[in-house]
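Written out below as structure tokens is the structure these notes cover.
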Amino acid sequence: MKIKQAVAQRIINLCKERNIAVNALGNISGVNPSTIYSMLNSKSQNPGVVSIQKICDGLEISIREFFDDDIFNNIEQEIM
């Protein structure tokens with residue numbers, strides 16, 4: 001799995017855990033829902049750290065907590 005896919009999956013998992021929709025996540029985090037949707041699909045190849053931080057703020061978790069998940073343990077190397 002690549003980092004972009006892992007970030008997208010982590011956002012999806014956090015929304016499911018909290019029983020919130022992507023639109024609601026946008027509202028509580030101050031990130032446009034279309035930006036979040038682009039992070040979840042192939043439109044955004046590089047999810048921005050500022051957007052991830054805002055999402056974390058909205059979910060009331062730290063960046064460390066966001067990335068402290070098993071999904072990030074086996075990230076593929078992206079430089080070949």
Side-chain angles (χ1 to χ4, degrees):
M1 180 177 291
K2 296 192 178 212
I3 187 69
K4 185 250 180 264
Q5 296 165 313
V7 166
Q9 190 60 54
R10 180 68 169 141
I11 292 169
I12 291 167
N13 292 346
L14 287 165
C15 285
K16 285 181 182 177
E17 287 172 16
R18 288 164 170 76
N19 198 28
I20 60 172
V22 172
N23 285 339
L25 177 60
N27 290 336
I28 64 172
S29 64
V31 176
N32 190 312
S34 65
T35 299
I36 298 174
Y37 280 113
S38 73
M39 292 169 72
L40 300 180
N41 62 37
S42 60
K43 288 182 182 177
S44 173
Q45 291 301 312
N46 186 11
V49 71
V50 172
S51 294
I52 294 171
Q53 178 65 56
K54 287 181 178 182
I55 289 169
C56 290
D57 292 345
L59 295 171
E60 297 180 349
I61 63 172
S62 68
I63 267 284
R64 178 179 295 253
E65 289 172 291
F66 182 87
F67 286 106
D68 186 20
D69 189 89
D70 290 341
I71 200 165
F72 295 105
N73 288 343
N74 298 308
I75 299 297
E76 293 176 28
Q77 182 176 356
E78 303 220 12
I79 297 175
M80 304 272 175

Separation between CD1 of Ile3 and CG of Asn46, rounded to the nearest 0.5 Å: 10.0 Å
Exam field: side chain Lys54 to backbone Gly26, donor-acceptor pair closer than 3.5 Å: no
Interatomic spacing from CD1 in Ile75 to CD in Gln5 - rounded to 0.5 Å: 8.5 Å
Heavy-atom pair of closest approach, residues Phe72 and Phe67: CD1-O, 3.4 Å
Interatomic spacing from CD1 in Ile28 to CG in Asn23 - rounded to 0.5 Å: 11.5 Å
Beyond-backbone contact of Ile11 with Val22, side-chain heavy atoms, under 4.5 angstrom: no
Glu17 CD: over 12 foreign heavy atoms closer than 6.0 Å: yes
4.5 Å side-chain heavy-atom contact, Ile52 and Met39: yes
Atom of Ile61, atom of Leu14 and distance for their closest heavy-atom approach: CD1-CD1, 3.9 Å
Heavy-atom closest pair, residues Ser62 and Cys56: O-SG, 3.9 Å
Ala6 to Ile71 - nearest heavy-atom pair and separation: O-CD1, 4.0 Å
Exercise: do Asp57 and Gln53 side chains pair donor with acceptor under 3.5 Å: yes
Straight-line distance of Asn32 CG to Asn27 CG, nearest 0.5 Å: 9.5 Å
Contact check, side chains of Glu65 and Leu59, non-hydrogen atoms, under 4.5 Å: no
Heavy-atom pair with the smallest gap, counting every atom of Ala8 and Leu40: O-CD2, 3.5 Å
Shortest non-hydrogen contact from Ser29 toward Leu25: OG-O, 2.6 Å
Evaluation steps, side chain to side chain contact (heavy atoms under 4.5 Å, CB included), between Asn74 and Met1: CA-CA 7 Å; Asn74 298 308; Met1 180 177 291; over 6 Å; no
From Arg10 atom CZ to Asp68 atom CG, the distance as rounded to the nearest 0.5 Å: 8.0 Å
